[in-house]
Structure formats: structure tokens, C-alpha cells
Amino acid sequence: RLSMFLRILAPILFLATLVSPAQAGLDKVQVEAFLKTTGFDVAVESIAQSARHAPAMIGIEAEAFGADWMRLSESVFAPEDMTATAAAMLSEAMDSEMLVHGVEFYASDLGERLVAAENASHASTDDTRQDQGKAILAELAATNPARVELFKRMNTAIDAGNMSVRAMEEIQVRFLSAAADADVIHLQVDIAQLRAMIAEGREAMAAQMEEGSLANAALTYQPFSDEELLAYAEALEHPMMQKVYELMNAVQYEIMASRFEVLASRMSELHPGQDL
């Protein structure tokens, strides 16, 4: 079952440590403007979509819970609560220079178009998106490999610290530990053993995550020219934008990790425990 957990949790990343808080004291209006202009509000709200995968992580179909599952997941992943948490965390950790830099790019003509495309991608519930993206990617590999390299460059810039795989492993540990504490599952290994078992799939997971990310980029950025994507890659690689993304990633994935911990602890309300 752990191999199944690795597959299901592929899109779920977690940065274990937040950026050290700055003494900027950004106000609510500034942070809300940043959230909307960069599309980070939609990215945070889209965390709720991942709740549908949670039962499969412990070998149960969501349908087995009926309407109770929908009510629970909507409560735990309430979008307004998650965006409020994101705003509070950003207001403490982001300084004005980071905010202005991020807003200036995403408020540009290219930036606005990119945010619109990314928002649509985040909000989509179309299960065929990955297959569509893979088909586009396969065609590009044969006809325009330089565009594929641009996608790789963008993805590298967004995760400059290359922490995504280790972070994803950490969120699995947190989810499974919370589920075990709530007697939703019964772990037959200790935490150290669990970490080691999950780490065994690290290389395969890294490859799968890269494939999924590239497929999503191929579909999401289909309307943009190579020149526009080059400009985006260069913007993402700017040292100040690197700081912005480090913080946004940390906030988003901490919210996701904490919400999955809460979900795991409350799944005992819906289903008896089982062995893992």
C-alpha cells in the first residue's frame, strides 16, 4: 500500500521550514492585493481538490463514506479559512520589497495573462488534463524540444531549492502519523521505518512528479509563445522572485500539510481503523 500512497501523493509537496519572519508588518489590504494579483489565492483554494484523494491513501474509496465525506472535506478544506491563513502567514513573513517585486511582474500584461491561465489550471477538475498535457508534451518533444526545456527551466526556478521530493515525503509521514494517532490505520512500523520505506521510492517519485509537472505546463501554457515563456523563466529566476516563491511554496504546502493532518485525525468519525 505504501507504493499506492506514493502515487496518490505525487502532487502534494511540503516545505518543512518556513522562511524566517521579516519585521515588515504588511497590512491586510497589501497582502490581499498580492494574493489576487499573483493568483496565489486561487492556488491556495485549489488545495481543497486534493481532499478527494485522501481516502485512497489508506485504501478506501471516497464513495464508501457517502455524503459524510463531502461534508467533512468541505469543513476541513474551507477555502476562506485557508486563504485567511495564507494571508496571515504572508503578512508576517513577507517584506515590502518582495511584495512589490511579485506584484509588478504579475500586474504586467504578460503577468496577467499567465495568472489567468494558471488560475484556470488550478481551478480545473478535469481528470483528463494530465493525458492532454502528456500528448502535447510528446508532440513538442519531437517538434520543439526547446519549448520542453523552457518548461523544465521554469519548474526548476519555481522549486529552486530542489526540496519538493523530500517535502512530499514529509507530508506523507505527517498524514499517516495523524491517521495512526486517530486509529484510522494501524501502523506496523515505527516512524523511522516509515520514513525509510517512503524514501525507497524517491527516485521513481521524482521522475513521476517531473513528468506530471511538465505535462501540466505543456497544457497550461499552450497559448503562450516561446518568447513569452523565456521571459517568464527569466522573471522566475530573478533572485527576488526566488525569495517570493520560496515563501509562497512554504505557506501553501504548510497549509496543505496541516489540513491533511486534520483530515486524517477526523476520518475516524467516518470509518473504522484498518491495518497498514
Side-chain angles (χ1 to χ4, degrees), residues 1-14 32 35-36 39-89 118-133 167-168 170-187 208-209 212-213 215-216 219-220 248-249 251-276:
R1 289 180 181 172
L2 282 174
S3 61
M4 178 180 65
F5 298 155
L6 288 168
R7 175 176 58 82
I8 294 295
L9 278 168
I12 302 175
L13 314 176
F14 166 71
E32 288 180 349
L35 289 170
K36 184 173 181 61
F40 191 47
D41 55 346
V42 177
V44 170
E45 290 173 3
S46 71
I47 293 172
Q49 295 181 21
S50 58
R52 59 181 174 164
H53 298 301
M57 297 177 200
I58 54 175
I60 305 172
E61 295 297 327
E63 290 76 11
F65 296 127
D68 286 342
W69 175 253
M70 183 65 68
R71 285 192 289 269
L72 176 61
S73 60
E74 287 179 351
S75 172
V76 173
F77 290 87
E80 62 274 14
D81 292 341
M82 293 190 294
T83 52
T85 299
M89 295 171 75
E118 290 166 356
N119 283 353
S121 176
H122 286 309
S124 176
T125 57
D126 185 356
D127 291 333
T128 69
R129 282 186 60 84
Q130 277 291 300
D131 289 339
Q132 294 177 52
M168 182 273 297
E170 183 65 22
I171 199 172
Q172 292 177 77
V173 172
R174 288 176 63 172
F175 177 83
L176 295 174
S177 296
D181 289 343
D183 290 328
V184 174
I185 59 174
H186 304 296
L187 287 175
Q208 189 172 18
M209 288 171 63
S213 181
N216 182 66
L219 182 59
T220 299
M248 289 197 301
N249 287 341
V251 169
Q252 182 174 356
Y253 304 139
E254 174 57 26
I255 291 172
M256 182 180 289
S258 64
R259 291 297 84 200
F260 267 82
E261 284 181 320
V262 172
L263 187 66
S265 67
R266 293 186 59 187
M267 286 177 73
S268 59
E269 303 170 14
L270 308 177
H271 199 279
Q274 60 176 280
D275 289 338
L276 173 64

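Hydrogens, waters and symmetry mates play no part in the numbers below; they use all other heavy atoms, side chains included. Keep in mind the model is a prediction, meaning the values are calculated, not measured.
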Side-chain donor or acceptor of S124 paired with backbone N/O of A120 under 3.5 Å:
no

Just how far is it from atom [atom1] of [X] to atom [atom2] of [Y], taken to the nearest 0.5 Å?
X    : Y    : atom1 : atom2 : value
E45  : N119 : CD    : CG    : 9.0 Å
L219 : R129 : CG    : CZ    : 4.0 Å
E261 : S177 : CD    : OG    : 8.0 Å
M248 : M89  : CE    : CE    : 13.5 Å
Q130 : Q132 : CD    : CD    : 10.0 Å
N249 : M256 : CG    : CE    : 10.5 Å

[X] to [Y] - nearest heavy-atom pair and separation:
X    : Y    : value
A179 : A264 : N-CB, 3.6 Å
H122 : Q49  : O-NE2, 2.8 Å
I185 : L176 : CD1-O, 3.7 Å
L263 : S73  : CD1-CA, 4.5 Å
M82  : I255 : O-CD1, 3.6 Å
D41  : T83  : O-CG2, 3.8 Å

Between E254 and R174, is there a side-chain N and carboxylate O pair less than 4.0 Å apart?
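Result for this pair is yes, salt bridge flagged.
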
Pair R71 + E74: basic N to acidic O under 4.0 Å
no

So, for F77 and F260, is the gap between ring centers shorter than 6.0 Å?
yes

Any side-chain donor near an acceptor of the partner, S121 and N216, under 3.5 Å
yes

Pair D126-T128, side-chain donor/acceptor within less than 3.5 Å
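Yes, T128 and D126 have a side-chain donor paired with an acceptor closer than 3.5 Å.
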
Check whether any side-chain heavy atom of V184 lies under 4.5 Å from a side-chain heavy atom of S268, and answer yes or no.
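Result yes, sub-4.5 Å side-chain heavy-atom pair found.
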
Taking C-beta and beyond as the side chain, do Q252 and F40 meet within less than 4.5 Å on heavy atoms?
yes

